[in-house]
Structure formats: C-alpha cells, structure tokens
Amino acid sequence: VGVGGHVLHGGYGMSSRTHGLALDWVESLTVVLANASVVDCSANVRPSLFFAMLGAGSSFGITTEFRFRTYEAPEVVTWFSAALPWDGETAVEGLEELEVFTRYRMSPELNMRIMASANGSSLDGVFYGDRAGLDNALGPLLERVNGSIATAGTTGWIGGLEHFSESPMGLTVPKPYDKVSIISISSRRRADAAAARRILRQEPNADGTEWHIRREFCGLLVQRRVQRRSYMVVPIRPARRGTRRRLGGG
Ligand SMILES: Cc1cc2nc3c(=O)[nH]c(=O)nc-3n(C[C@H](O)[C@H](O)[C@H](O)COP(=O)(O)OP(=O)(O)OC[C@H]3O[C@@H](n4cnc5c(N)ncnc54)[C@H](O)[C@@H]3O)c2cc1C
C-alpha cells in the first residue's frame with residue numbers, strides 16, 4: 001500500500017503495540033487545499049488542519065510531503081508463529097482470553113495478530129527482544145489458550161521486516177485476500193461469539209475462499225485513538241442481513 005492513504009487514515013502494523021499508529025509519528029505535512037494554496041501544517045502551525053489530516057486526510061487536501069519523527073530500531077527482534085488448536089467452541093473462550101490479556105497483561109514489547117479459520121488458527125507477531133523474553137511475555141497466554149510456538153526466529157530489525165513482507169525487501173504485489181469484511185462492534189458480543197463459532201466450523205466456500213477472523217492486538221491506547229480518529233472517516237456500513245445470517249449472527 002502507499003504511504004498516503006495508510007498514514008492519513010491511521011496505519012497499524014507489527015509495531016503498533018509498541019509504537020502506536022503511523023499517524024502518531026507525523027511531524028508535519030505539506031498540503032494542497034481545495035483553493036489551490038499550498039500550506040504546511042503541524043501541531044503548532046494550522047493545528048486544526050493537522051488534526052483533520054491525521055485521520056481524515058483525503059477529505060481535506062492532497063498531501064505532497066510527509067515529515068516523520070523516527071524511533072531507534074531495536075537491535076534484536078524475535079518473530080513467531082504460535083499454533084492454536086481451536087475448534088468452534090474453544091475459539092470463543094480463546095478470543096475472550098486474548099481480549100483480557102491484551103487489556104491487562106500484554107507486554108509493550110509484544111506485537112501480534114490472530115488469524116483463525118476452519119483450516120487452523122495462529123497468533124503471529126514480533127517481540128522486541130530475544131527468545132527468552134518472548135517466552136516470558138507470551139508463555140502465560142499460550143498456557144491459557146492451549147497454544148504453542150510453532151516457529152520463531154531471532155534476528156535484527158530489517159530481518160523482522162523481511163519476515164513479515166514474506167520476501168527480501170522490495171516491492172511485491174500481494175494477491176487480494178479480503179473480499180467481504182465485517183467489523184465487529186463490542187456491543188454485539190453475543191452475535192460475534194455466534195459468528196466465531198460458525199466461522200471455525202464451516203466448509204470453504206464454493207469458490208475456494210473461506211471466512212476467517214483477523215484481529216490485531218494493539219492495546220487499549222491505540223484502540224481509543226482509532227475510535228477517536230475514525231469517526232470522521234467513514235461510517236461503518238453494517239454487513240448485509242444475509243451475510244450476518246450465514247455467519248450465525250443476529
Ligand atoms: C493487502 C493490504 C494489506 C493491508 N494491510 C494493512 C495493515 O496491515 N495495516 C493498516 O493500517 N492498513 C492496511 N491496509 C489498508 C491500507 O492502509 C489502506 O487501504 C490505505 O488507504 C492504503 O493507502 P494507499 O495510498 O495505497 O491507498 P489509496 O487507495 O491510493 O488511497 C486511499 C485514500 O486516501 C487518499 N489519499 C491517498 N494518498 C493521499 C495523499 N497524499 N493526500 C490525500 N489523500 C490521499 C485517497 O484519495 C483515498 O481516498 C491494507 C490494505 C491492503 C490492500
């Protein structure tokens with residue numbers, strides 16, 4: 001993806017638990033406004049425009065320059081993939097354990113996401129530190145959700161990026177993987193649990209695609225920030241009733 005849409009509308013990734021969203025690191029922008037004027041904005045210069053650009057940039061102007069703050073890259077990172085032998089029943093309990101872990105116990109050095117489907121479920125992520133640190137940070141959760149680390153590797157910062165880009169650094173074109181998404185809303189807990197059960201039990205669709213659950217565990221601060229920022233961007237369109245019904249939701 002390009003830096004423009006990604007940064008102007010949030011931008012989470014494999015460092016978001018540790019370092020927040022991409023928009024948190026923008027120092028200042030140069031923007032072309034609708035009246036064709038070219039202006040700079042930052043926390044001190046045109047702060048209202050700066051606030052609006054970071055979250056709803058595409059509605060307010062065209063950014064021609066981004067200036068970022070940077071952080072020191074850690075010398076050692078450990079990427080991992082942990083297998084979760086879940087079925088339709090244990091998945092719901094597991095997802096709830098993950099929710100509590102992320103809220104109250106997750107180390108700030110631990111960044112991860114879950115992919116869960118009828119074909120298998122895994123937690124994938126990166127720990128800013130060595131393997132012993134990863135075991136310490138993730139072990140208590142894995143015990144509770146009956147999971148285990150399937151593969152892991154300790155490397156440098158660039159090695160970690162290469163691992164998640166699934167190729168040596170360079171431009172790759174990913175194949176499309178999401179056709180239809182439903183964003184779960186916390187007030188719909190029971191419907192979400194029903195949908196999770198159904199997804200973990202289903203057969204693949206006729207065209208070979210399958211439903212899966214994907215969730216990034218960025219922590220409460222990022223979650224609040226996304227909620228605060230994203231109300232301006234787009235209203236979340238509810239999934240069609242038929243789609244929800246297929247998944248067992250209300
Ligand atoms: C395969 C894939 C994986 C993804 N993974 C992640 C992920 O891990 N984390 C995450 O946060 N998001 C992820 N996304 C979402 C991605 O960040 C957004 O789709 C983002 O909008 C892409 O930015 P773009 O500039 O390439 O998109 P575009 O489609 O070019 O732009 C998106 C919107 O931003 C506007 N825009 C773009 N550039 C500018 C600019 N310079 N000034 C003003 N407006 C501009 C466009 O007008 C448009 O409205 C993923 C998307 C895909 C397709």
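First listed ligand is number 1; within each ligand, the first listed atom is number 1.
For ligand 1, the polar-atom distance check finds no N/O of I62 at less than 3.5 Å from any of the ligand's N/O atoms. Below 3.5 Å of separation, one finds an N or O of G5 facing an N or O of ligand 1.
Checking side-chain atoms of R46 against main-chain N and O of D40 turns up a donor-acceptor pair under 3.5 Å. Between the side chain of D24 and the backbone N or O of L21, at least one donor-acceptor pair lies under 3.5 Å.
Listed by number with element, the atoms of ligand 1 under 4.0 Å from a non-hydrogen atom of H6 are 9 (N), 10 (C), 11 (O), 12 (N), 17 (O), 20 (C), 21 (O), 22 (C), 23 (O). Each of the atoms 39 (C), 40 (C), 42 (N), 43 (C), 44 (N), 45 (C) of ligand 1 lies under 4.0 Å from some heavy atom of L8. Close contacts between ligand 1 and G11 involve ligand atoms 11 (O) [criterion: under 4.0 Å to a heavy atom].
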* Can you list the steps and then say if S107 with Y128 is a side-chain hydrogen bond (donor to acceptor under 3.5 Å, both in side chains)? -> CA-CA 10 Å; S107 151; Y128 281 25; over 6 Å; no
* Asked: What do the steps show when you test S28 against R67 for side-chain hydrogen bond (donor to acceptor under 3.5 Å, both in side chains), and what is the final call?
  -> CA-CA 5 Å; S28 65; R67 283 169 289 274; 2.7 Å; yes
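Counting heavy atoms closer than 4.0 Å to ligand 1, residue T64 contributes nothing at all.
Note on ring orientation: taking the six-membered ring where Trp is involved, the planes of W25 and H19 are perpendicular (angle over 60°, cut-offs 30° and 60°).
Considering every non-hydrogen atom in both F164 and G125, the closest pair reads CZ-O, 3.3 Å.
For atom 33 (C) of ligand 1, the choice among M53, R113, E65, H9 with the nearest heavy atom turns out to be H9.
Under the 4.0 angstrom criterion for non-hydrogen atoms, G61 is in contact with ligand 1. Residue contact check for ligand 1: G10 places no non-hydrogen atom closer than 4.0 Å to it.
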